[in-house]
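Since the structure comes first, as structure tokens, the remarks are kept for the end.
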Amino acid sequence: SAKSKVHIVYLGEKQHDDPEFVTESHHQMLSSLLGSKDDAHKSMVYSYRHGFSGFAAKLTKSQAKKIADSPEVIHVIPDGYYELA
Amino acid sequence: TTRTWDYLGLSADNSKNLLNDKNMGDQTIIGVIDTGVWPESESFNDNGVGPIPSHWKGGCEPGENFISTNCNRKLIGAKYFINGFLAENQGFNTTESPDYISARDFDGHGTHVASTVGGSLVPNVSYKGLAKGTLRGGAPRARIAMYKACWYLNELDGVTCSFSDIMKAIDEAIHDGVDVLSLSLGGRIPLNSETDLRDGIATGAFHAVSKGIVVVCAGGNAGPASQTVVNTAPWIVTVAATTLDRSFATPIILGNNQVILGQAMYTGPELGFTSLVYPEDPGNSYDTFSGVCESLNLNPNHTMAGKVVLCFTTARDYAVVSRAASLVKAAGGLGLIIARNPGYNLAPCSDDFPCVAIDYELGTDILFYIRYTGSPVVKIQPSRTLVGEPVGTKVATFSSRGPNSISPAILKPDITAPGVSILAATSPNKNLNAGGFVMLSGTSMAAPVISGVIALLKSLHPDWSPAAFRSAIVTTAWRTDPFGEQIFAEGSSQKVADPFDYGGGLVNPEKAAEPGLIYDMGPQDYILYLCSAGYNESSISLLVGKVTVCSNPKPSVLDINLPSITIPNLKDEVTLTRTVTNVGPVNSVYKVVVEPPLGVRVAVTPATLVFNSKTKSVSFRVRVSTKHKINTGYLFGSLTWTDSVHNVVIPVSVRTQILQNYYDEN
């Protein structure tokens, strides 16, 4: 249960035009969850910061549940797959 | 694509068509999210292509066997996204993987899609002489940006694309300034709601469409069963697949001189008269026999050695043909005739082994010839390309069908385009490629046709919304083939195609250029949809980035301003509204023509719409009532606005449900 898996944390429309600022806010959110900037940096897979706001990060189930409870988070889901058509 | 564009009326030889009028889509940027690109393919030469559009903010990312100079004025962008896939597959060995850790395409699918959407002109391309012609994309001077988010996995012998990588690709494509985004990918039913991130394409597409990018997606290959269509969000253009007016007729000549035209991509030498067998117990043997294609391995080798084998199968997928051919070949057989229902996924058998498909009726003819002839023999000649009449257009068996299983009132698929046996560029690693070109089938192949057409339309109407492009192609689509003949749909029996097979119909690019009226939509309409679908306000607010309060009572999904009317549960009577915007001559008068579905009354008010310099948009009401007393299936009609120059047609689909929410299996 403590195994980390990639989760997508979706925050909706981005709240700032500067992508660096958006990414920084993602790192901050992840740092507060994981307890350190270093852990946040290691966990972060992607910061979605141009068309919308969100990030992909390696999280345990309990971490995913905790961040899903944040008011600014719309959805947290484990990564999944599409196939070619 | 050596036939697609001539078939759709976009011949490069016609100087007066949409293609040449708009300089072949120059200045339009098409983003493709797929397996990457083979940049050296002739399809991506930049001869005659102008400078890179000024709105391009993307780049060409170097990686394994890919350097930034692999991009040019045609292939202007190439990026790859693998972090999500790697984080979830830590055992994946990038050094041992045959795929390239770069935008370079190992699988070939992405190259095929990219060359279909916007490949440059390449004359004299064929598959070993079949389907010969000039290969090109729909918008041959449009620019291509490849976003590789799909990776080949040895263990799967296939490709997988993770949500997290796709979402990053969409995020980057939005940043880079693409005008059209083409995704030949999809999930499977059951579908996830549009505000659920599990449908990452719908979520990413929402943001892309909100920024004016047209998002075109494959509708999926799970047909012919109904309710299988995917990528159904109302802001996405969802594409079904048809055949072309082209086939690969392969003469099978029986010893009694009967000639049967099967289908194959057989390019080997003629197989002269050879013994023909259907493996079955002669009545005096202890051996096991089977004429079922999947079980040919049960037959003693001597039954098939030196012969052409006839077998029957209920399967439609090509893998059965390929496996059966291998079994016959391994037993020393010289050819294979497969009797099956059409699956529209023809492919050559490896090593030019003759394998020809026919239907059960012709298969039974051959079976009876074998049974009632002392020494049955057969000759198989190489396949020939048959183009134009009398080859009819069919919605492919595999093409996923509506209704939309999330919101049946939102008609899906939207539109159809050729997606069967399409010859286009590929990776040289691809099996069965001939000189870097391969024939593939799927809604993957149909979606880039629509993306290419929209790229051309975008050059003509740079200010149109994504919904306007969708409306233009849907309301002007052919509901017959380009020659006026009916389009059929393959299923458990062939039937005349309906909107759940092909949406508005077969894309008609020339007509779509000047549609007269459009059913426009913007972000506010998508919010109305989300409210009508019952999503909670907080999710909608976050998705759209502003506080959203749904009206009370909720808006009706029937009022979403789509270029279609689909009423899944009509009990007595319902009234719905649409708004049309004039994009034709300023002073125009349109009159309504209704073809109601059988047993359904459709009344439109007003019956005449008058447009002038002050009135650009007009709303009308449609009152629909049923005469039926039972729960019916869907019945189809149409609603047309005509000014005698433009015919703006939308499909009308109505199902009477006296008993609501009722699953009928009596």
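Throughout, a chain's letter reflects where its sequence line sits, starting with A, and its residues are numbered from 1. We use all heavy atoms of the structure for the numbers below, so side chains are in, but hydrogens, waters and symmetry mates are not.
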What part of [X] gets within 4.5 angstrom of chain A, counting heavy atoms only: side chain, backbone, both, or neither?
| X | value |
| --- | --- |
| B:Asn536 | neither |
| B:Asp176 | neither |
| B:Phe398 | neither |
| B:Ile166 | side chain |
| B:Thr35 | side chain |
| B:Ser162 | both |
| B:Leu156 | neither |

I need the [X] [atom1] to [Y] [atom2] distance, nearest 0.5 Å.
| X | Y | atom1 | atom2 | value |
| --- | --- | --- | --- | --- |
| B:Ser444 | A:Leu84 | OG | CG | 6.0 Å |
| B:Ile174 | A:Arg49 | CD1 | CZ | 13.5 Å |
| B:Thr203 | A:His75 | OG1 | NE2 | 8.5 Å |
| B:Asn83 | A:Met44 | CG | CE | 12.0 Å |
| B:Ser164 | A:His7 | OG | NE2 | 11.5 Å |

### Query
How about B:Asp171 and A:Tyr46: do any of their side-chain heavy atoms sit closer than 4.5 Å?
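Heavy-atom side-chain distance check fails, nothing below 4.5 Å.
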### Task
Can you label the angle between the B:Phe163 ring and the A:Tyr82 ring as parallel, tilted or perpendicular, going by 30° and 60°?
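Tilted: the ring planes of B:Phe163 and A:Tyr82 meet at 30° to 60°.
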### Query
Can you list the steps and then say if A:Phe55 with B:Met167 is a side chain to side chain contact (heavy atoms under 4.5 Å, CB included)?
CA-CA 9 Å; A:Phe55 56 90; B:Met167 289 192 70; over 6 Å; no
### Task
Give the member of B:Ala218, B:Ala173, B:Ser184 that has the highest number of heavy-atom pairs under 4.5 Å with chain A.
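Between B:Ala218, B:Ala173, B:Ser184, the count favours B:Ser184.
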### Task
Give the member of B:Gly442, B:Cys161, B:Ala241 that has the highest number of heavy-atom pairs under 4.5 Å with chain A.
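Of the candidates given, the most pairs with chain A belong to B:Cys161.
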### Task
For each of A:Gly80, A:Ser53, A:Pro19, tally heavy-atom pairs with chain B at distances under 4.5 Å, and name the one with the top tally.
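Highest number of pairs under 4.5 Å: A:Gly80.
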### Query
With only heavy atoms counted, which part of A:Ala56 is less than 4.5 Å from chain B, the side chain, the backbone, both or neither?
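Looking at A:Ala56, just its side chain touches chain B.
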### Message
Can you tell me which portion of A:Lys5 sits under 4.5 Å from chain B's heavy atoms? Options are side chain, backbone, both or neither.
### Response
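The answer is both parts of A:Lys5.
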### Message
Around atom CG of B:Asn431, are there more than 12 heavy atoms from other residues, nucleotides or ligands closer than 6.0 Å?
### Response
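Atom CG in B:Asn431 is not packed in, count stays at 12 or less.
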#### Entry: Heavy atoms from other residues, nucleotides or ligands near NE2 of A:His16 exceed 12 (cutoff 6.0 Å)
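Atom NE2 in A:His16 is packed in, count exceeds 12.
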List, one per line, each side-chain donor-acceptor pair under 3.5 Å for residues 204-212 of chain B, sequence neighbours excluded.
{"unit_1": "B:His207", "atom_1": "NE2", "unit_2": "A:Tyr10", "atom_2": "OH", "d": "2.5"}
{"unit_1": "B:Ser210", "atom_1": "OG", "unit_2": "B:Phe206", "atom_2": "O", "d": "2.7"}
{"unit_1": "B:Lys211", "atom_1": "NZ", "unit_2": "A:Glu13", "atom_2": "OE2", "d": "3.4"}
{"unit_1": "B:Lys211", "atom_1": "NZ", "unit_2": "A:Gly51", "atom_2": "O", "d": "3.0"}

### Message
Tell me whether B:Lys168 contacts the main-chain N or O of A:Ser47 through its side chain, where contact means a donor paired with an acceptor under 3.5 Å.
### Response
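Judged by distance alone, yes, a pair lies under 3.5 Å.
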All N/O donor-acceptor pairs, side-chain side in residues 65-74 of chain A, below 3.5 Å, sequence neighbours left out:
{"unit_1": "A:Ser70", "atom_1": "OG", "unit_2": "A:Ile67", "atom_2": "O", "d": "3.0"}

#### Entry: Considering all heavy atoms, the nearest A:Val45-B:Ala87 contact
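Heavy-atom minimum between the residues: CG2-CB, 4.1 Å.
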